[in-house]
> 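Dropping the structure in here first, questions after.
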Amino acid sequence: MGIEIAPVEWLTIAASYEGAFDDHGNFYAGMTLGQKNFVLEGYIAADSLNTDDEDDQAYGTGAAIKFVIPNTQISLRPELGINFFENENYTFAWYTGALLSLKLNNDFGFSVWGSFANGSDDKRWEDSDVTKDWDGGHIINVRPALDFSLDKQTSFTVYLNLEERTAFDGVCRGCWSSGVYVNYVF
């Protein structure tokens, strides 16, 4: 459940609550400032609300800047974010990423997202010989996508998400997902 408002052309504000009827709801809010060639975005997030501290309540914030290369249909959007946990045993986590987009014509485009995340060490692991070298792990992500506009109201995105996750125990696990997003503007 969410809402988005754009009181002026250069400002958009959005908020959503995921899991409104669940014990572990998530709240997200963000703001976009700017216009076509330069856009600044920021967000705040609160995960696993309405739970006790030991259930991984987390709070995060981040920002991105989108640049459009003049006289081209190429844009670059670097991003940086941090995440804090209410459970005092966990250290903070951080991520960085970037989206490179190329619009081939008015109806078709290609993009690639890449990111790296690291952190959320559990301090309780330091006391054991077995787990003293464990850390919070890290994730490397690459997601190419194709965008297609059917008309002024309907667009589709087809993506392939590839991840390499190194868990807290040092074991690497590769995974992937794929899907289609449909966006319809009323």
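Predicted model only: the values in this text are computed from it and were never measured. Counting begins at 1 with the first residue of the sequence.
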> Which atom names give the shortest non-hydrogen contact between Tyr43 and Ala63, and what distance separates them?
CE2-N, 4.3 Å
> State, without any angle test, whether Asp147 and Thr157 hold a side-chain donor-acceptor pair at a distance under 3.5 Å.
yes
> To the nearest 0.5 Å, tell me how far Trp176 CH2 sits from Leu162 CG.
9.0 Å
> Please round to the nearest 0.5 Å and tell me the distance separating atom CD1 of Ile65 and atom CG of Leu33.
11.5 Å
> Would you name the heavy atoms of Glu164 and Cys172 that are closest together and state the gap between them?
OE2-CB, 3.2 Å
> Ring-plane angle category for Phe148 and Phe156, please: parallel below 30°, perpendicular beyond 60°, tilted otherwise.
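Parallel, since the angle between the ring planes stays under 30°.
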> Could you check whether the rings of Tyr159 and Tyr181 sit parallel, tilted or perpendicular, using 30° and 60° as the cut-offs?
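Correct class here is parallel.
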> Return yes when atom CG of Asn105 has more than 12 non-hydrogen atoms of other residues, nucleotides or ligands closer than 6.0 Å, and no otherwise.
yes
> Any non-hydrogen side-chain atom of Lys66 less than 4.5 Å from a side-chain atom of Glu41?
no
> So do Ile3 and Ile13 actually touch side chain to side chain, heavy atoms under 4.5 Å?
no
> Shortest non-hydrogen contact from Ile69 to Thr72?
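For Ile69 and Thr72, the tightest heavy-atom pair comes out as O-OG1, 2.7 Å.
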> Could you tell me if the side chain of Phe38 sits less than 4.5 Å from the side chain of Phe67, heavy atoms only?
yes
> Is the side chain of Ser111 donor-acceptor paired with the backbone N or O of Leu146 at a distance under 3.5 Å, no angle test?
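No, because the side chain of Ser111 does not come within donor-acceptor range (under 3.5 Å) of the backbone of Leu146.
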> Nearest 0.5 Å, what's the OG-NZ distance between Ser75 and Lys103?
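Going from the OG atom of Ser75 to the NZ atom of Lys103 covers 10.0 Å.
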> Do Phe27 and Phe84 sit in one hydrophobic cluster, given that two such residues count as connected whenever their side-chain heavy atoms are within less than 4.5 Å of each other, even indirectly?
no
> Any heavy-atom pair between the side chains of Cys175 and Arg165 that's under 4.5 Å?
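A side-chain contact exists here, since the closest heavy-atom pair is under 4.5 Å.
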> How about Phe116 and Tyr95: are their ring centres within less than 6.0 Å of each other?
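Here the rings of Tyr95 and Phe116 have centres that are no less than 6.0 Å from each other.
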> Of all the heavy-atom pairs spanning Asn26 and Asp47, show the shortest one and how long it is.
OD1-CA, 3.2 Å
> Can you measure from CG (Leu76) to OG (Ser101) and round to the nearest 0.5 angstrom?
8.5 Å
> Side-chain heavy atoms nearer than 4.5 Å, only ILVMFWY residues, links allowed to pass through others: does that put Leu150 and Phe110 together?
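Yes; tracing contacts between hydrophobic side chains, which count when under 4.5 Å, links both residues.
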> What about Leu102 and Val142, same hydrophobic cluster or not, with Ile/Leu/Val/Met/Phe/Trp/Tyr joined at side-chain heavy-atom distances under 4.5 Å?
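Yes, because Leu102 and Val142 connect within a single hydrophobic cluster, where side-chain heavy atoms sit under 4.5 Å apart.
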> Would Ile74 and Leu100 satisfy side-chain contact (heavy atoms from CB on, under 4.5 Å), going step by step from the backbone distance to the final call?
CA-CA 7 Å; Ile74 300 171; Leu100 177 66; 4.0 Å; yes
> Can a donor-acceptor pair be found, under 3.5 Å and without considering hydrogens, that links the side chain of Gln153 to the backbone of Val185?
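Such a contact is found between Gln153 side chain and Val185 backbone.
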> If I compare all heavy atoms of Thr91 with all of Phe85, which pair ends up nearest, and what's the gap?
O-CD1, 3.3 Å
> Evaluate the criterion side-chain contact (heavy atoms from CB on, under 4.5 Å) for residue pair Thr32 and Val39; output intermediate values, then yes/no.
CA-CA 7 Å; Thr32 301; Val39 177; 3.3 Å; yes
> Mark yes when over 12 heavy atoms from residues, nucleotides or ligands other than Glu9 sit less than 6.0 Å from its CD; otherwise mark no.
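No - once you tally the heavy atoms of other residues, nucleotides and ligands closer than 6.0 Å, there are 12 at most.
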> Quick check against the 3.5 Å criterion: does Thr12 have a side-chain atom that pairs as donor or acceptor with the backbone of Met31?
no
> Between Asn161 and Glu163, what is the shortest heavy-atom contact and its length?
ND2-OE2, 3.5 Å
